[in-house]
Amino acid sequence: MKISWKTILLWSIPALVIGFFVWQGAFAPNPTDLGRNAANTRMTYGRFLEYLDTNRVRSVDLYDGGRTAIVEATDPELDNRTQRWRVDLPFNSPELISKLTTADISLESHPPRNESAIWGFLGNLVFPVLLIAGLFFLFRRSSNLPGGPGQAMNFGKSKARFQMEAKTGIKFEDVAGIEEAKEELQEVVTFLKQPERFTAVGARIPKGVLLVGPPGTGKTLLAKAIAGEAGVPFFSISGSEFVEMFVGVGASRVRDLFRKAKENAPCLIFIDEIDAVGRQRGAGIGGGNDEREQTLNQLLTEMDGFEGNTGIIIIAATNRPDVLDSALLRPGRFDRQVMVDAPDLKGRLEILEVHARNKKLAPEISLEAIARRSPGFTGADLANLLNEAAILTARRRKEAITMLEINDAVDRVVAGMEGTPLVDSKSKRLIAYHEIGHAIVGTLIKEHDPVQKVTLIPRGQARGLTWFTPSEDQGLVSRAQLLARIQGALGGRAAEEIVFGDAEVTTGAGGDLQQVTALSRQMVTRFGMSDLGPLSLEGQQGEVFLGRDWTTRSEYSEEIAARIDAQVRTIVEHCYNEARRIIRENRTVIDRLVDLLIEKETIDGEEFRQIVAEYAEVPEKEQYVPTL
Ligand code: ADP
Ligand code: MG
Ligand code: ZN
């Protein structure tokens with residue numbers, strides 16, 4: 001948005017300049033335009049002299065510094081009626097002037113019209129003015145970009161960057177699947193609605209609530225619902241909007257926000273992404289950021305500054321509570337923390353029910369089946385899923401959403417847009433072997449999630465896909481499950497290698513190998529699942545820029561580092577051998593499945609298992625396998 005403004009302004013300058021010239025050409029008065037005296041007929045100079053000599057000329061009006069004349073004379077060809085002509089006079093003809101003055105005719109000289117001078121002057125002025133105005137806008141605009149060159153121009157001023165909604169129109173019934181959080185926050189609604197109930201018994205009303213949870217779980221929605229239930233205005237700002245290049249801008253924004261909120265109390269202030277301002281002070285690369293610290297200090301001051309009973313409640317949201325400055329979490333500030341987690345099966349069902357309210361569903365649709373098919377989906381994913389399904393339904397000109405659209409929408413939400421199927425070729429065969437490799441290893445290892453379907457229809461980046469039904473409980477994962485995942489991920493490459501030979505393996509396994517490496521490394525360094533013993537050797541990656549210190553990165557010696565690498569290699573080697581063994585031992589059924597896959601493009605999990613069961617023993621898996 002900001003960038004595009006800048007571009008518009010940049011382009012508007014040349015446009016204005018060109019426009020100006022066109023306009024000047026079109027509208028500025030022509031210097032030979034002689035006003036209302038203008039005569040349309042022209043007369044040659046010689047004719048004019050002749051008329052002058054024969055005393056036909058009545059009057060002469062000189063224009064344009066004596067170069068043009070409007071001559072009034074009697075026309076012998078028109079019964080001596082008086083006519084007007086326009087005559088171009090030769091440049092310097094003093095004799096003519098003397099001749100005119102001696103003759104008995106009315107002679108008038110009109111000075112050049114001032115307008116043209118004014119226009120000329122304005123014309124000279126307009127261009128610089130436009131240029132300066134353009135530059136000025138440019139600077140003002142770019143000053144909104146962090147670090148923009150015009151920052152100094154509005155230094156100290158703060159633009160209101162927060163939004164206010166008098167009525168959010170969202171109620172608790174619109175938020176589903178996060179019952180605990182809703183219960184906790186029910187109380188906040190009462191604080192806003194009937195503070196007397198608490199103050200009467202001497203209770204201090206909390207000022208701040210911190211919502212903690214991954215993106216898309218409904219934190220913003222929940223905050224809006226609180227304001228909606230309590231019927232108070234909703235002020236919202238994102239933490240990243242506080243932080244500017246110049247020291248003091250963010251702080252003055254905080255002041256503005258609280259001033260406005262106090263005028264509108266009771267109300268609710270919502271600060272999204274509070275980790276952008278609220279990070280540990282004095283941390284991060286370069287020892288910290290003055291501006292952010294000032295903004296944070298201002299926020300803390302404001303929170304301390306108003307009495308608990310003014311009717312302002314601040315709700316902040318973050319998915320990184322661990323990087324927050326401890327001063328923010330002290331009593332009297334964000335002393336209440338509410339977890340907003342990704343929903344479980346029941347929660348997903350409830351969220352689907354909320355979003356299905358305004359959609360037309362075919363009667364055979366089971367929201368429960370959809371909920372089962374979508375472990376790990378957040379509220380935002382589910383809302384998106386139903387919306388995609390509705391769009392597909394409209395595109396297919398159907399009356400109501402059917403299970404077909406839901407299935408396509410799930411695939412699309414998870415793996416991206418569907419591409420066109422490959423034509424039969426060697427590479428299609430190779431991809432088929434790769435996918436069947438994943439699927440068969442996944443099917444024959446007990447701890448692996450069951451296959452849901454295998455397909456050769458490309459989607460997103462992938463040219464073929466094997467879908468597994470993830471288990472409901474994704475919280476705890478056992479060592480055997482991790483090894484199974486690594487083996488399953490290596491199944492694709494193993495099949496390529498065994499069927500086509502070492503020289504023919506492809507880059508298609510790149511994504512699988514990344515996953516394999518990350519998983520096995522975490523087994524060694526974070527989960528203590530190797531011969532190195534139960535040690536946590538690495539924190540979560542990627543914290544350097546999120547605050548905290550980065551100097552204490554490696555918590556182990558060079559020697560340990562070498563041993564970690566060796567352990568990771570051992571795990572991967574073991575898993576790869578295991579995957580290759582499964583491929584080799586099941587070559588007959590793999591060949592049959594590949595032919596079937598190339599013919600049908602998609603094989604679903606149930607059919608896949610039945611075919612494999614004719615050749616090998618398929619372990620029972622406890623996961624519910626939805627039949628959609
Ligand atoms: P967050 O702020 O946690 O990133 P949002 O509140 O912005 O997530 O959620 C985005 C959208 O997803 C919402 O507008 C809503 O349509 C949907 N959504 C998310 N969580 C829920 C939920 N628990 N119940 C109903 N809808 C939800
Ligand atoms: Mg949000
Ligand atoms: Zn693969």
Side-chain angles (χ1 to χ4, degrees), residues 163 168-182 185 210-226 228 234 236-240 270-276 315-320 338-344 346-359 371 377-387 413 415 430-442 454-456 458 461-468 485-497 505-516 579:
Q163 287 87 44
T168 62
I170 290 172
K171 289 283 163 63
F172 268 156
E173 62 185 31
D174 299 319
V175 189
I178 36 177
E179 291 313 317
E180 299 83 8
K182 264 163 76 175
L185 293 166
L210 187 64
L211 301 180
V212 179
T217 45
K219 299 183 293 298
T220 311
L221 194 68
L222 199 52
K224 284 190 175 174
I226 295 167
F234 179 77
S236 67
I237 188 165
S238 171
S240 55
F270 179 62
I271 305 177
D272 212 348
E273 302 171 50
I274 195 167
D275 41 297
I315 295 189
T318 181
N319 53 355
R320 299 294 314 265
V338 176
M339 293 297 299
V340 185
D341 259 330
D344 57 7
K346 186 166 155 288
R348 292 198 301 276
L349 181 56
E350 287 165 11
I351 295 173
L352 285 168
E353 275 162 3
V354 167
H355 288 277
R357 282 199 300 233
N358 59 356
K359 305 228 164 32
F377 274 39
T378 63
D381 294 332
L382 292 168
N384 186 17
L385 165 68
L386 284 185
N387 191 46
V413 168
L430 186 132
I431 295 166
Y433 271 103
H434 180 107
E435 295 307 328
I436 295 290
H438 284 308
I440 195 122
V441 174
V454 194
T455 172
L456 283 185
Q461 304 278 318
R463 265 159 293 182
L465 282 166
T466 307
W467 297 77
F468 296 97
R485 277 186 207 175
I486 296 174
Q487 289 165 15
L490 286 168
R493 166 54 66 85
E496 285 181 39
E497 192 197 307
V505 296
T506 66
T507 53
D512 299 335
L513 300 187
Q514 256 176 10
Q515 216 183 330
V516 165

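Here the structure is a predicted model, which is why all the values come from computation and not from measurement. Note that the numbering runs from 1 along the sequence shown for the chain. In listed order, ligands and their atoms are each counted from 1.
Side-chain contact between Asp341 and Pro214 is present, with at least one heavy-atom pair separated by less than 4.5 Å.
Between Arg357 and Asp174 there is a salt bridge, since a side-chain N of the basic residue sits under 4.0 Å from a carboxylate O of the acidic one.
Atoms of ligand 1 lying under 4.0 Å from any heavy atom of Pro215, numbered from 1 in the order shown and given with element: 4 (O). Near Val175, the atoms of ligand 1 lying under 4.0 angstrom from a non-hydrogen atom of the residue are 23 (N), 24 (N). Numbered from 1 in the order shown, with element, the atoms of ligand 1 that lie under 4.0 Å from a heavy atom of Asp174 read 24 (N), 25 (C).
Restricting His438 to its N/O/S atoms, the shortest distance to the Zn ion (ligand 3) is reached by NE2. The minimum distance between the Zn ion (ligand 3) and any N, O or S atom of Asp512 involves atom OD2.
If you look at Ile351 next to ligand 1, the close heavy atoms, those under 4.0 Å, all belong to the side chain. By the criterion of a heavy-atom distance under 4.0 Å, neither the backbone nor the side chain of Leu222 is placed next to ligand 1.
Between Ala317 and ligand 1 there is no heavy-atom distance shorter than 4.0 Å.
Nearest protein heavy-atom neighbour of atom 6 (O) of ligand 1: Leu221 N, 2.9 Å. Scanning the protein for heavy atoms near atom 22 (C) of ligand 1, the closest one is Ala176 O, 3.5 Å. Closest to atom 12 (O) of ligand 1 among all protein heavy atoms lies Ala380 CA, 3.1 Å. Summary of contacts: the protein heavy atom closest to atom 2 (O) of ligand 1 is Thr220 OG1, 2.6 Å. Of all protein heavy atoms, the one lying nearest to atom 18 (N) of ligand 1 is Gly379 C, 3.6 Å. Nearest to atom 16 (O) of ligand 1 among the protein's heavy atoms is His355 CE1, 3.2 Å.
Remark: ligand 1 and Gly216 share an N or O pair separated by less than 3.5 Å (distance only, no angle test). Polar contact with ligand 1: absent for Gly177 (N/O pair, distance under 3.5 Å). In terms of polar-atom proximity, Gly218 is counted as a contact of ligand 1, with an N or O under 3.5 Å from an N or O of the ligand.
Looking at every heavy atom in both residues, Arg493 comes nearest to Thr506 through NH2-O, 2.8 Å. Closest approach of Ala415 and Leu465 over heavy atoms only: CB-CD1, 3.9 Å.
Scanning for side-chain hydrogen bond (donor to acceptor under 3.5 Å, both in side chains) contacts around Glu497 gives Tyr576, Arg580, with sequence neighbours left out. Checked against side-chain hydrogen bond (donor to acceptor under 3.5 Å, both in side chains), Thr217 has no partners two or more places apart in sequence or in another chain.
Protein-derived N/O/S atoms nearer than 2.8 Å to the Mg ion (ligand 2) total 1, waters excluded.
Distance check: Glu353 CD to Leu382 CG gives 11.5 Å after rounding to the nearest 0.5 Å. The line from OG1 of Thr168 to CD1 of Ile226 is 10.0 Å long, rounded to the nearest 0.5 Å. If you take CG on Leu211 and CD1 on Ile274, they are separated by 10.5 Å, rounding to the nearest 0.5 Å.
By the 6.0 Å contact criterion, CD on Glu179 is enclosed, its count of non-hydrogen atoms from other residues, nucleotides or ligands being greater than 12.
Judged purely by atom type and a 3.5 angstrom limit, Lys182 uses its side chain to pair as donor or acceptor with the backbone of Val175.
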Problem - Trace of the side chain to side chain contact (heavy atoms under 4.5 Å, CB included) decision for Leu222 with Val340 - result: CA-CA 9 Å; Leu222 199 52; Val340 185; 4.2 Å; yes
Exercise for the section: Test side chain to side chain contact (heavy atoms under 4.5 Å, CB included) on Thr318 and Leu210 and set out the steps. Expected result: CA-CA 8 Å; Thr318 181; Leu210 187 64; 4.0 Å; yes
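Listed by first and then second residue, the side-chain hydrogen bond (donor to acceptor under 3.5 Å, both in side chains) pairs involving residues 430-441 are Tyr433-Asp591, His434-His438, His434-Glu496, His434-Asp512, Glu435-Thr466, His438-Asp512 (not counting sequence neighbours).
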